[in-house]
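Written below as structure tokens is the structure these notes are about.
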Amino acid sequence: MNGQRGEIGLAEPTSAPDGDEERFVPGGGALFLLLLEDGTDEMRAAIDEQMDAVAAWWVKAPPDGPGFTKVEPEHPPAGRHDVERFLAGSRIREVEADVPLVLYVTGHGITSAASTHHAVLRETSTERLLATGLRTSEIIAAALDSLSRDVLVIVNMCESSDIGSELLGMERELTRRTESATLHVLTTAGPRRKVAAGAFAAILGEAYELLRSSEEITRPFLTMEEFSAALRQATRAINAREGRMLEGPRVMLPGKHDVPTATLPNPGYRPVPAAVEPGRQELAPTLEHLDYWLEKASGRPNATDAGWYFTGRRPLNERLTSFLQGPAAVMIVTGIAASGKSAILGRAVTLSDESFRRSRRFEAAIRHCPAETVPGQGSVTVAVTAHNRDPLDLLRAIAGKLGAEADPAGGTDALRRWQAGLRLFLQTPGPMVTIVVDSLDEANDPMGCVNNVLVPLAGHRTAEGTLLDHVPPQPAQTAPKGRGVRLVIAVRSSSPADDDSGGRDSEHELLTELETSFAQASFLRTDRKGMRDDIAGYVRALLDGEIAWQGQDLDGVSKVVAAAVGRSFLDARVAAEQLRTGGPILLKDARWLGRLNTGTVGLLAADLERAAEDGLGAEEALALLRATAFGLGRGIPWGEVWPAMAGVLLERPLEGADEKIRNLLGGRLAGYLTHDTEDDRRVYRPAHDSLATVLRSRPAGGAVRGGGSGNDG
């Protein structure tokens with residue numbers, strides 16, 4: 001029953017005809033191959049080419065599982081009875097419910113006068129199709145009506161889309177199956193159209209590469225919508241590149257097109273073990289890819305640097321650590337743009353996590369921190385960013401990470417249902433809950449987030465009602481039952497603090513609203529005058545240990561940079577990275593020193609001038625960076641979106657866009673971006689909101705509208 005094709009490496013399946021053993025590897029799938037050769041060398045070569053592409057998707061073991069067991073006839077079927085024997089002997093109709101089933105059928109096909117599609121075998125007479133041929137729908141039905149919950153059938157035959165009318169009838173007979181299972185049928189040739197030689201293999205291979213690289217879908221499995229979109233994109237790319245007129249495959253039985261299915265393993269999926277517990281992952285790292293929040297916590301200048309550089313700021317870290325170990329209360333962390341608010345929060349969130357503290361990879365980071373600045377294990381329950389979230393999104397993120405659910409009895413409004421569900425959760429007995437919310441000023445509706453999420457969380461009344469009943473402070477022994485709430489909120493100030501008068505900022509309406517709503521809140525300012533020493537220490541840490549800087553006056557260099565960048569850790573980080581790559585000679589460059597004093601704007605200009613070293617033109621690099629600054633939501637995906645947006649900003653198509661994006665992400669400009677996940681895709685945005693402002697105001701020609709230093713904004 002099961003054969004082996006030496007040239008394509010099809011292994012014997014782990015199956016037993018008597019059924020005494022498991023037929024398929026646990027957790028894997030089943031790939032049934034019906035390769036209907038006609039005996040010619042041309043057909044064998046074409047099938048071998050197809051099998052290379054098929055093997056990449058289903059035969060090769062994916063990163064997180066054993067792959068698909070291959071099942072095919074021992075000898076290529078010569079007539080209809082050979083196919084029927086294979087369908088019966090392989091027990092395709094009895095494939096277990098939890099085994100994903102892929103059936104790949106290829107060979108000659110023809111549509112009869114009655115508009116039924118037939119597989120043409122070596123013994124088939126086109127004059128006697130009913131007797132010597134085999135209806136393709138009979139082959140398809142064996143898979144669709146199996147027990148498997150996930151079925152994909154690919155028919156790579158001439159005129160294969162002519163099976164459409166037969167599938168409509170079959171779908172009605174499979175109503176029970178279509179309700180509970182995910183069933184898909186894909187064909188590769190239109191009605192009365194021939195299959196172009198090598199076409200499907202080329203399209204499948206191109207789509208594989210697209211999904212492996214630029215699409216960046218973060219789930220282990222694709223939806224049929226995503227798979228078919230990749231096939232269409234691949235077809236367009238091949239036609240444009242080779243001047244061909246290939247037809248893309250057609251989805252004849254779409255099934256649940258927007259539901260991920262185990263028959264479509266994602267070539268681009270890379271499992272990322274978490275360094276922290278799920279509730280804290282938005283403000284903390286992953287083990288494989290140190291993400292945005294570890295960058296904030298550690299001060300690393302780019303994604304490839306695993307160092308831990310933030311030094312100093314001990315009083316701030318001690319105050320936050322003390323707060324996280326205290327009673328229910330509110331702390332507002334504020335300061336001008338790029339003054340290190342997210343760094344302070346990211347550090348506390350990360351260091352408090354049990355999984356992070358157990359990781360050998362981060363032992364050095366924990367050891368180098370003074371004990372008084374390390375929060376207690378588990379002292380942060382949930383950490384989220386408000387960036388581009390509205391009140392409902394923010395509330396849902398917090399409640400979901402706490403384990404609360406929307407209360408159906410809360411009314412028809414979704415916001416009220418989630419408020420009610422969170423109220424029920426917090427009214428149950430349990431330990432103190434600490435919630436960290438970063439970047440409140442970057443929310444879509446900051447005031448709405450304050451009134452509908454943060455104020456109710458802290459136990460205050462709103463005009464619309466309450467989430468938690470406000471209870472006056474009481475001695476611990478008479479405290480009401482339920483969970484106390486510690487709330488830490490980070491919000492930007494529009495002007496720096498030059499004294500110890502608290503967090504007040506008359507120019508910032510949002511900060512004023514927080515002061516009013518949380519009259520008893522404590523304030524933590526990150527932009528005091530004394531922070532220049534912290535910035536100098538940060539620059540020194542980044543340069544220390546670099547070969548090019550051995551024997552240099554690092555203290556003097558760090559003070560020069562700190563004096564020039566003012567109170568901006570962002571500018572200090574970019575300047576230090578340029579010094580790391582450019583070496584001490586950069587300090588003798590009058591142009592660079594001049595740009596250092598203009599902050600983000602000048603530093604970006606310096607990096608753009610050297611973009612050619614990464615295979616990018618300065619205008620192209622700027623367009624790619626600017627595109628991320630105009631994205632909505634949590635960022636823009638790669639795929640077709642990022643190149644298209646960059647092309648609009650360039651006012652011309654960006655040639656070789658995917659390669660240039662790869663160069664950008666792997667080069668000196670990568671530090672200007674951070675990544676996130678939205679709708680199961682990796683997305684990109686500027687590493688700081690102040691940088692996004694600079695990029696949005698910068699025209700394609702390179703000059704900055706209105707000038708400005710970018711040091712404080």
Q. Salt bridge between D534 and R313, side-chain N to carboxylate O under 4.0 Å?
A. yes
Q. By side-chain hydrogen bond (donor to acceptor under 3.5 Å, both in side chains), which residues pair with E609, not counting sequence neighbours?
A. R591, R595
Q. Residues in side-chain hydrogen bond (donor to acceptor under 3.5 Å, both in side chains) with T434, at least two apart?
A. R486
Q.
I'd like to check the salt bridge (Lys or Arg N to Asp or Glu O under 4.0 Å) partners of D589; sequence neighbours left out, ordered by chain and number.
A. none
Q.
Is there a side-chain contact between P584 and W549 in this structure, where contact means two heavy atoms from C-beta onward sitting under 4.5 Å apart?
A. yes
Q: Kindly write out the residues that satisfy side-chain hydrogen bond (donor to acceptor under 3.5 Å, both in side chains) with T218, not counting sequence neighbours, or none if the list is empty.
A: none
Q: For the pair S522 (side chain) and M331 (backbone), establish whether a donor and an acceptor sit closer than 3.5 Å, ignoring hydrogens and angles.
A: no
Q: For Q578, enumerate each residue passing the side-chain hydrogen bond (donor to acceptor under 3.5 Å, both in side chains) test, keeping only those at least two apart in sequence or located in another chain.
A: W592, D607
Q) Judged by atom type as modelled, is there a donor-acceptor pair below 3.5 Å linking the side chain of T350 to the main-chain atoms of R347? A) no
Q. What's the spacing between S517 OG and M447 CE if we round to 0.5 Å?
A. 8.5 Å
Q. Any donor-acceptor pair under 3.5 Å linking the side chain of R681 with the backbone of E215?
A. yes
Q: With sequence neighbours excluded, give me every ring-ring contact (aromatic ring centres under 6.0 Å, His included) pair touching residues 620-655.
A: W642-Y684
